[in-house]
Amino acid sequence: MRRALRLRAERRQMMTAEAEVLVELRRLRARLPQLTGALTASADGLVLAQDAVDGGAESVAALTAAALGVGQRLADTTGQGGFRELLVRGEHGYVATYAAGGSAVLTLLAEPRINVGRLHLEARRSSARIGQLVDGALERRDPN
């Protein structure tokens, strides 16, 4: 019960950063016009903010949480350290997921013609900023 209450309080705090995170997502999409969608989610799959994610942001967030778990285990098992990012290339483009602080992830959808190096560069910057916003909101958590 205490764990459930703690998780609920953390989710409320993360939601307070939603407006600022959304601004960062929109800035990122402006810098990378080949992005077709962007979302930030908690590590357990709760959508914090999204910008034009077609096909259901909740589904993408849930799948991101599952992929994050696998990515973390893979990195740990192979001795590569903590999870940083995951890139999936499909026939119609890319799905890229980046750690955003200790509690969130940034997931981007991109056209196949995107410059992957630029994608990584810009996404790493944005994920660091988003991580600061979300982790900062958690640090200001209500004692109740």
Side-chain angles (χ1 to χ4, degrees), residues 3-142:
R3 183 172 187 260
L5 291 173
R6 182 179 52 80
L7 289 174
R8 203 173 300 150
E10 286 177 0
R11 286 181 181 151
R12 263 196 316 268
Q13 292 303 321
M14 283 194 277
M15 297 304 278
T16 63
E18 180 180 357
E20 292 175 275
V21 171
L22 186 56
V23 167
E24 184 61 33
L25 293 180
R26 290 183 175 150
R27 286 183 188 147
L28 178 59
R29 289 200 62 205
R31 292 190 308 267
L32 292 171
Q34 297 82 18
L35 289 181
T36 58
L39 73 82
T40 300
S42 64
D44 61 353
L46 175 72
V47 176
L48 302 177
Q50 63 144 338
D51 188 32
V53 175
D54 294 331
E58 290 80 17
S59 296
V60 173
L63 288 169
T64 295
L68 175 63
V70 172
Q72 288 172 329
R73 287 189 61 197
L74 184 60
D76 186 49
T77 300
T78 59
Q80 302 304 312
F83 174 83
R84 295 284 184 242
E85 57 198 48
L86 174 67
L87 180 68
V88 176
R89 180 178 176 212
E91 289 180 28
H92 304 292
Y94 294 90
V95 179
T97 299
Y98 300 84
S103 304
V105 292
L106 168 66
T107 297
L108 305 173
L109 308 177
E111 297 174 355
R113 63 188 179 94
I114 195 163
N115 177 317
V116 175
R118 177 96 190 274
L119 170 68
H120 285 319
L121 177 71
E122 296 292 348
R124 288 171 184 156
R125 289 177 182 163
S126 287
S127 66
R129 174 71 180 133
I130 290 167
Q132 290 172 343
L133 293 168
V134 173
D135 290 347
L138 287 173
E139 288 171 7
R140 293 186 301 270
R141 183 175 32 193
D142 246 349

Chemist: Atom CZ in R29, atom CD in Q34: separation rounded to 0.5 Å?
Modeler: 11.0 Å
Chemist: Could you walk me through whether Y94 and V88 satisfy the side-chain contact (heavy atoms from CB on, under 4.5 Å) test, starting with their C-alpha distance in whole Å, then the side-chain angles of each, then the deciding distance to 0.1 Å, before giving a yes or no?
Modeler: CA-CA 6 Å; Y94 294 90; V88 176; over 6 Å; no
Chemist: Answer yes or no: is there a donor N or O on one side and an acceptor on the other, between the side chain of E24 and the main chain of L22, under 3.5 Å?
Modeler: no
Chemist: Looking only at heavy atoms, which two atoms of V21 and A49 are closest? And how far apart?
Modeler: CG1-CB, 3.8 Å
Chemist: Distance check, rounded to the nearest 0.5 Å: N115 atom CG versus H120 atom NE2?
Modeler: 10.0 Å
Chemist: Please answer whether the main-chain N or O of R124 pairs with a side-chain N or O of R129 as donor and acceptor at a distance below 3.5 Å.
Modeler: no
Chemist: Can L35 and I114 be said to form a side-chain contact (heavy atoms from CB on, under 4.5 Å), step by step?
Modeler: CA-CA 8 Å; L35 289 181; I114 195 163; 4.1 Å; yes
Chemist: Would you confirm whether R84, through its side chain, and Y98, through its main-chain N or O, come within 3.5 Å as a donor-acceptor pair?
Modeler: no
Chemist: What is the minimum heavy-atom distance between V134 and S103, and which atoms define it?
Modeler: CG1-CB, 4.3 Å
Chemist: Kindly compute the distance separating CG (L121) from CZ (R31), expressed to the nearest 0.5 Å.
Modeler: 9.0 Å
Chemist: Under 4.5 Å between any side-chain heavy atoms of L106 and T97, yes or no?
Modeler: no
Chemist: Under a 4.5 Å cut-off applied to non-hydrogen side-chain atoms, are E122 and L32 in contact?
Modeler: yes
Chemist: How far does CG of L39 sit from OG1 of T64, to the nearest 0.5 angstrom?
Modeler: 5.5 Å
Chemist: Which heavy atom in A43 sits nearest to a heavy atom in A65, and how many Å separate them?
Modeler: O-CB, 3.4 Å
Chemist: For residues L87 and L119, report the shortest heavy-atom separation together with the two atoms involved.
Modeler: CD1-CD2, 4.3 Å
Chemist: Which atoms form the tightest heavy-atom contact between L86 and A67, and what is the distance?
Modeler: CD2-CB, 3.7 Å
Chemist: Mind listing the closest non-hydrogen atom pair of A38 and L108 along with its distance?
Modeler: CB-CD2, 3.5 Å
Chemist: Just wondering, do L25 and T40 contact through their side chains at under 4.5 Å, heavy atoms?
Modeler: yes
